[in-house]
Protein chains: 2
Amino acid sequence: MITADSTKILKFLFEEELLSEIQKVSQLQKVPKGEIMIDVGEQVKFIPILLEGAIKIVREDESGEEVLLYYVEFGNTCAMTLNCCLENSTSEIRAICEKDTSIIMVPVSFMDKWLVNYRSWRNFIFQNYQDRLNEMLKAIDSLTFLKLDERLRNYLKEKSKVADDSTLEVTHLDIATDLNSSRVVISRLLKQMENEGEVSLGRNTIKIKY
Amino acid sequence: MITADSTKILKFLFEEELLSEIQKVSQLQKVPKGEIMIDVGEQVKFIPILLEGAIKIVREDESGEEVLLYYVEFGNTCAMTLNCCLENSTSEIRAICEKDTSIIMVPVSFMDKWLVNYRSWRNFIFQNYQDRLNEMLKAIDSLTFLKLDERLRNYLKEKSKVADDSTLEVTHLDIATDLNSSRVVISRLLKQMENEGEVSLGRNTIKIKY
DNA sequence: TGGGAGGTGTAACAGATGTTACATCCATAA
DNA sequence: TTATGGATGTAACATCTGTTACACCTCCCA
């Protein structure tokens with residue numbers, strides 16, 4: 001059970017009746033920046049809907065190497081997570097809070113009933129599957145068709161959009177991890193970009209110039 | 001309208017009543033091997049369900065470079081296509097018949113109604129979204145974490161599985177296109193694999209040895 | 001029968017990315 | 001203040017992948 005106020009900001013997504021159902025059965029969770037919300041191999045038994053903040057979704061292989069898949073933002077849920085809710089399997093991905101974040105957690109058991117009863121719920125679920133598929137496609141495009149320097153540019157742009165700030169607090173190693181590259185390579189490319197006047201670099205900060 | 005026989009082989013997926021609805025409103029389409037079923041930028045107004053054969057799904061960028069995403073086989077549909085059915089947008093991908101193929105084409109307009117009325121339809125749709133997301137994840141893993149030689153091995157294995165034949169009819173150029181690489185590189189790697197006894201090569205054929 | 005198109009083999013080279021090694025700088029805790 | 005760990009800069013080199021060029025083969029059609 002959560003307060004009616006929490007759900008009110010989702011009223012652009014769901015009708016009044018569904019909102020009050022959500023309010024009755026869900027829990028509110030606040031997770032601070034940097035914390036791991038869901039890790040690879042964990043069971044997930046709730047559908048997370050993001051009220052505030054942003055979540056970074058990354059994929060990890062057996063040897064511990066990572067790659068960033070996409071971000072989940074306000075009013076969205078993570079379809080990769082729906083996946084393992086429904087199949088009762090474990091998470092294929094890691095979800096890390098990119099900012100301080102509030103989430104509504106809806107028990108999986110309501111999924112099917114609401115699909116039948118609420119058109120807005122159906123729309124919500126399908127819209128999310130579609131968005132996630134499109135994000136995955138973007139990731140594949142980037143990995144397949146772009147050189148690392150272009151991937152880096154896109155990464156910085158995207159991260160700056162999510163943070164809503166043209167100055168990023170991030171280390172070269174962080175970036176290397178997200179792009180599955182190495183720190184030296186990222187430093188090299190960033191220095192090049194600085195020389196071209198695209199960014200200015202400082203300790204733990206990158207300022208993007210337009 | 002199609003024959004009842006055509007839908008009967010889907011009875012492991014749908015209940016009797018839904019099967020007869022599908023039969024009433026759908027069309028059967030046969031597409032020969034090699035033909036493009038759906039191309040990038042096309043409108044799609046039906047949900048394709050595969051009765052027979054296999055379909056290769058590839059992504060293309062602006063400059064005409066390609067990469068193979070995954071195969072769709074018997075009893076499945078292509079969630080990337082559902083995508084553009086529902087959004088009324090155009091296809092982000094190209095679907096090419098890998099074998100002679102029969103498809104049931106269900107008009108999009110029934111999608112929502114059946115979601116409400118048939119649990120088996122809901123399961124079908126969600127299972128397909130999940131399968132596609134997992135395929136996309138596999139593609140990302142492969143692109144991110146594997147060297148080209150391993151990607152090539154996986155490619156040959158997968159293609160042989162879909163063809164149900166350990167001898168593939170394929171040129172080095174075909175493979176290079178699917179993996180977004182170049183013919184010379186693929187020839188080089190294949191020759192290496194032949195020297196290691198993993199495959200034997202002939203004109204237009206690759207035989208996989210275990 | 002001759003010739004062209006497409007498929008394959010191979011060498012030499014180029015460019016992008018990853019690795020290793022080491023220097024320096026900064027922030028902070030002891 | 002000093003010591004320590006993390007962040008960054010840079011050089012030298014290794015490796016993987018792509019490119020260009022050319023030879024030769026097979027198939028098929030004019």
Side-chain angles (χ1 to χ4, degrees), chain A residues 33-34 60-61 63-68 139-156 159 167-208, chain B residues 34 61 63-68 139-156 159 167-208:
Chain A
K33 177 172 175 174
E60 193 187 62
D61 76 350
S63 69
E65 291 194 284
E66 287 188 17
V67 67
L68 169 64
I140 287 175
D141 282 352
S142 175
L143 289 164
T144 307
F145 302 124
L146 300 185
K147 297 260 155 71
L148 194 52
D149 59 340
E150 274 305 314
R151 286 179 62 209
L152 176 57
R153 273 189 200 89
N154 291 346
Y155 172 87
L156 294 175
K159 196 171 176 82
T167 301
L168 301 176
E169 283 203 20
V170 66
T171 70
H172 300 183
L173 182 58
D174 292 337
I175 299 175
T177 304
D178 280 347
L179 296 179
N180 186 50
S181 175
S182 84
R183 198 275 306 169
V184 178
V185 173
I186 298 299
S187 292
R188 185 196 289 154
L189 292 174
L190 282 171
K191 184 51 73 181
Q192 242 171 260
M193 289 174 68
E194 189 176 42
N195 292 337
E196 309 274 332
E198 297 182 54
V199 296
S200 56
L201 305 176
R203 188 185 173 84
N204 294 313
T205 63
I206 298 176
K207 182 166 193 169
I208 300 171
Chain B
D61 76 349
S63 70
E65 291 195 284
E66 285 189 18
V67 68
L68 169 64
I140 288 176
D141 281 351
S142 175
L143 289 164
T144 307
F145 301 124
L146 299 185
K147 298 259 157 70
L148 195 52
D149 60 341
E150 275 305 313
R151 285 179 62 207
L152 176 56
R153 274 190 199 88
N154 291 346
Y155 173 86
L156 294 174
K159 196 172 176 83
T167 301
L168 301 176
E169 284 203 18
V170 67
T171 70
H172 300 184
L173 182 57
D174 291 338
I175 299 176
T177 304
D178 280 347
L179 296 179
N180 187 51
S181 175
S182 86
R183 200 274 306 168
V184 177
V185 173
I186 298 298
S187 293
R188 185 197 291 156
L189 291 174
L190 283 171
K191 185 49 75 182
Q192 244 172 257
M193 288 175 68
E194 189 176 43
N195 292 338
E196 311 273 331
E198 297 181 55
V199 297
S200 58
L201 305 175
R203 187 185 175 80
N204 293 316
T205 63
I206 298 176
K207 182 166 195 170
I208 301 172

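Numbered from 1 within each chain, the chains take letters A, B, ... in sequence-line order.
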Can you tell me how far [atom2] of [N] sits from [atom1] of [X], to the nearest Å?
X      : N      : atom1 : atom2 : result
B:I175 : C:dT8  : CD1   : C1'   : 12 Å
A:F145 : D:dG18 : CZ    : C1'   : 16 Å
B:Q192 : C:dA11 : CD    : C1'   : 15 Å
A:N195 : D:dT10 : CG    : P     : 8 Å
B:I186 : C:dG7  : CD1   : P     : 15 Å
B:L179 : D:dC16 : CG    : C1'   : 15 Å
B:L152 : D:dC16 : CG    : C1'   : 15 Å
B:K191 : C:dG7  : NZ    : P     : 17 Å

Scan B:T171 against the nucleic acid and name what it touches under 4.0 Å (heavy atoms): base, sugar-phosphate only, or nothing.
->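 Here B:T171 touches the backbone only, sparing every base.
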
(request) Could you tell me whether A:D174 contacts a base, only the sugar-phosphate backbone, or nothing, with contacts defined as non-hydrogen atoms closer than 4.0 Å? (result)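 Since no nucleic acid heavy atom lies under 4.0 Å of A:D174, the category is nothing.
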
Check your understanding: Would you say the base of D:dT17 and the side-chain of B:R151 have a donor-acceptor pair closer than 3.5 Å?
Key ->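 Flag unset: no donor-acceptor pair detected.
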
> Where each residue is assigned the nucleotide of DNA chain C containing its nearest heavy atom, which of A:R183 and A:L146 is assigned the position nearer the 5′ end?
Replying inline: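 Between the two, 5'-proximity favours A:L146.
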
Worksheet item: Starting at the 5' end of DNA chain C and moving along, which residue's nearest nucleotide shows up first, A:L148 or A:R203?
Response: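 Nearer the 5' end of the strand: A:L148.
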
Hey, which of these two, B:L189 or A:E194, hits DNA chain D nearer its 5' end, going by closest nucleotide?
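Result of the comparison: A:E194.
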
Identify which nucleotide among [options] has an atom closest to any side-chain atom of [X], counting heavy atoms from C-beta outward.
X      : options                : value
A:V185 : C:dT19, D:dT17, D:dA21 : C:dT19
A:S187 : D:dG9, D:dG18, C:dG18  : D:dG9
A:L173 : C:dG9, D:dA7, C:dG18   : D:dA7
B:R188 : C:dT19, C:dG9, D:dG18  : D:dG18

Got B:V67 and B:L179 here, is their nearest side-chain heavy-atom distance under 4.5 Å?
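Answer no - side chains too far apart.
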
Close side-chain approach of A:M193 to A:L156, heavy-atom, < 4.5 Å: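 The answer is yes; the side chains approach within 4.5 Å.
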
| query | Taking only side-chain nitrogens and oxygens of A:K147, does any of them come within less than 4.0 Å of OP1 or OP2 of C:dA16? | reply |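 So the side-chain polar atoms of A:K147 never come under 4.0 Å of the phosphate oxygens OP1 or OP2 of C:dA16.
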
Say whether A:T171 and A:D174, considering side chains only, have a donor N or O and an acceptor N or O under 3.5 Å apart.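 Side-chain D/A pair, A:T171 to A:D174: present.
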
Basic-acidic side-chain contact under 4.0 Å: B:E194, B:K191
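Salt bridge between B:E194 and B:K191, a charged N being under 4.0 Å from a carboxylate O: yes.
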
Using 0.5 Å steps for rounding, measure from the NZ atom of B:K159 to the CG atom of B:N154.
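One gets 14.5 Å once the value is rounded to the nearest 0.5 Å.
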
